[in-house]
Q: 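Let me give you the structure first, and then I'll get to my questions.
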Amino acid sequence: MTVSLPSLNGLRAFEAAARHMSFTKAAEELNVTQTAVSHQIRRLEAELGAHLFLRLAEGLALSEEGQAYLPGIRAAFQELRYSTEQLLEGRHKSVLTVSTLVSVASKWLLPRLPSFQQAFPAIDVRISASTELVDFRKGAIDVAIRYGRGDWKGLRADFLMSDEIFPVCSPALAKTLSTPADLARHTMLQVSGVTANDWSTWLSAAGQPLQLAEGPRLTFDLAMMAVQAAVDGQGVCIGRSTYVEDDLRAGRLVVPFDLRLKDQLGFYLVTPRETAQAKKIVAFRAWLLAQPLARETFV
């Protein structure tokens, strides 16, 4: 049996409203009025003979039929966007937008990007540095470098590298450190957020009292600031291999103790499954996985 497809405008309105769970935000995205969105969805519901939304006092919600209908519609629009992108890639310079943490962007990715640009001059790379998780549904980001276990639902995750956790400091300050107990005489530098417990973790593994981590300290929002403070000799930073590697190689920082802890989490290149095989994403993935530090930590 041949099924007649409903209005494309209605489907667009439904997908946008379901994504934002708001007729108003859907209207802003589609550049139409809220009334137009409401009318298109009511027309779509009439064509389908089904109620897709529940219009509740506290807001909008999908009905059971709407929940069942949405995944296929969303996938169809993602396929349309992907096919259109593939068509246009052959005509114009391609833009690849990469989202990543500020520390990873500044200390790891940016120093390596020139080699990618040399290999793929037709791809214009744009970096979006943020601490927020990426919402790929909004369409502004192509790929992201995320930190975690690689188990994000609906996304392809390619393992890049894991971190090692260890103290770092300037060469001059290192001369005053013979054992971890000497840390009591120095300011301890750390980064807030998910790595806030790194000092406690390392000190425990080193057999040192956790009170050491409660002494003089400076806490930074950004890893690059903590690393620079260590380079300037302001204290000892609990470092991670991903963002101290270049400073170690350059001799601006040294590792005063042998103990390094392997982190259980890692960095992954994350893409929506629907666009994972786009030419520009395939090129970036292959280049990234071929980098010397992909799949291994700094030694």
Side-chain angles (χ1 to χ4, degrees), residues 100-113 129 131 145-149 159-268 291-299:
T100 184
L101 298 172
V102 175
S103 57
V104 176
S106 62
K107 290 293 187 179
W108 195 87
L109 182 59
L110 292 181
R112 292 166 172 76
L113 271 183
T131 58
I145 297 177
R146 281 186 177 175
Y147 179 71
R149 300 185 185 279
F159 177 73
L160 298 176
M161 57 192 165
S162 58
D163 260 340
E164 284 186 339
I165 304 168
F166 49 88
V168 294
C169 63
S170 67
L173 195 150
K175 295 177 181 178
T176 68
L177 298 172
S178 299
T179 69
D182 295 329
L183 290 168
R185 297 184 283 107
H186 295 282
T187 299
M188 305 178 85
L189 312 175
Q190 66 180 31
V191 183
S192 60
V194 296
T195 63
N197 293 324
D198 281 0
W199 262 125
S200 297
T201 301
W202 189 89
L203 287 170
S204 178
Q208 298 299 309
L210 296 184
Q211 287 82 354
L212 272 180
E214 299 172 1
R217 70 169 71 188
L218 285 174
T219 302
F220 301 86
D221 290 337
L222 301 177
M224 58 188 296
M225 296 172 63
V227 171
Q228 187 58 50
V231 171
D232 294 339
Q234 295 184 34
V236 184
C237 178
I238 186 65
R240 284 177 170 252
S241 50
T242 303
Y243 55 77
V244 300
E245 169 213 347
D246 287 344
D247 291 299
L248 289 172
R249 290 191 186 281
R252 294 184 290 267
L253 291 175
V254 296
V255 183
F257 310 114
D258 293 334
L259 178 62
R260 298 169 183 244
L261 303 182
K262 186 75 171 288
D263 193 4
Q264 294 180 350
L265 307 182
F267 290 94
Y268 293 80
Q291 295 305 297
L293 276 184
R295 302 186 181 279
E296 63 183 42
T297 53
F298 177 81
V299 178

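Along the sequence shown, the residues carry numbers beginning at 1. Quick note: numbers below take in every heavy atom, side chains included, and nothing from hydrogens, waters or symmetry partners.
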Q: Let me confirm one number: the OG1-CE distance from T219 to M188, rounded to the nearest 0.5 Å.
A: 11.0 Å
Q: How long is the straight-line distance from CG of D247 back to SG of C237, given to the nearest 0.5 Å?
A: 10.0 Å
Q: With no hydrogens and no angle check, is any side-chain donor or acceptor of R185 less than 3.5 Å from a backbone partner on T176?
A: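 Side chain of R185 to backbone of T176, a donor-acceptor pair under 3.5 Å: yes, one is there.
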Q: Can you say whether the rings of F159 and Y268 are parallel (under 30°), tilted (30 to 60°) or perpendicular (over 60°)?
A: perpendicular
Q: Taking everything shown except D232 itself, do over 12 heavy atoms lie less than 6.0 Å from its CG?
A: yes
Q: Within the structure provided, determine whether R260 and I165 are in side-chain contact (heavy-atom separation under 4.5 Å).
A: no
Q: Does some side-chain heavy atom of V254 sit less than 4.5 Å from a side-chain heavy atom of V168?
A: no
Q: Between CE of M225 and CG of L218, what distance do you get to the nearest 0.5 Å?
A: 10.0 Å
Q: Going by an N to O cut-off under 4.0 Å, is there a salt bridge joining E245 and R112?
A: yes
Q: Please answer whether the main-chain N or O of T201 pairs with a side-chain N or O of S204 as donor and acceptor at a distance below 3.5 Å.
A: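 Checking the backbone N and O of T201 against the side chain of S204, no donor-acceptor pair under 3.5 Å is found.
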Q: Side-chain contact test, heavy atoms from C-beta onward, threshold under 4.5 Å: evaluate it for W202 versus L183 and give yes or no.
A: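 Touching, per the 4.5 Å side-chain cut-off.
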Q: Got a salt bridge between D246 and R249, using NZ or NE/NH1/NH2 to carboxylate O under 4.0 Å?
A: no
Q: What's the spacing between S162 OG and Y147 OH if we round to 0.5 Å?
A: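 Reported value, rounded in 0.5 Å steps: 9.0 Å.
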Q: Could you check if a side-chain atom of L189 sits within less than 4.5 angstrom of a side-chain atom of T187, using non-hydrogen atoms only?
A: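 Of all side-chain heavy-atom pairs linking T187 with L189, at least one is under 4.5 Å.
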Q: After noting the C-alpha distance and the side-chain angles of V104 and F267, does the key distance pass the side-chain contact (heavy atoms from CB on, under 4.5 Å) rule?
A: CA-CA 10 Å; V104 176; F267 290 94; 3.5 Å; yes
Q: Does any N or O in the side chain of D163 come within less than 3.5 Å of the main-chain N or O of T242, such that one atom is a donor and the other an acceptor?
A: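 Judged by distance alone, yes, a pair lies under 3.5 Å.
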Q: State which residue, out of I238, L261, V244, fulfils the side chain to side chain contact (heavy atoms under 4.5 Å, CB included) condition with F166.
A: V244
Q: What distance do Q208 atom CD and S200 atom OG have between them, rounded to the nearest 0.5 Å?
A: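 Taking CD in Q208 and OG in S200, the distance rounds to 12.5 Å.
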Q: Side chains of P167 and F257: closer than 4.5 Å at any heavy-atom pair?
A: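 When only atoms from C-beta onward are counted, F257 and P167 do touch, with a gap below 4.5 Å.
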Q: Does L248 reach the side chain of V255, with side-chain heavy atoms less than 4.5 Å apart?
A: yes
Q: I need the minimum non-hydrogen distance between D221 and S192, along with the two atoms involved.
A: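 That would be OD1-OG, 3.3 Å.
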Q: Please evaluate residues L160 and Q291 with respect to the criterion side-chain contact (heavy atoms from CB on, under 4.5 Å), reporting the C-alpha separation (whole Å), side-chain torsions for both, the decisive distance (0.1 Å), and the verdict.
A: CA-CA 9 Å; L160 298 176; Q291 295 305 297; over 6 Å; no
Q: Do the non-hydrogen side-chain atoms of Q190 and D198 ever get within less than 4.5 Å of each other?
A: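 No, their side chains stay 4.5 Å or more apart.
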Q: Step by step, would you call L173 with S170 a side-chain contact (heavy atoms from CB on, under 4.5 Å)?
A: CA-CA 5 Å; L173 195 150; S170 67; 3.4 Å; yes
Q: Do L253 and V227 have side chains that get closer than 4.5 Å, going by heavy atoms?
A: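 They are in contact (side-chain heavy atoms under 4.5 Å apart), so the answer is yes.
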Q: How far apart are the C-alpha atoms of R240 and T195, what are their side-chain angles, what is the distance that settles it, and do they pass the side-chain contact (heavy atoms from CB on, under 4.5 Å) test?
A: CA-CA 9 Å; R240 284 177 170 252; T195 63; 3.3 Å; yes
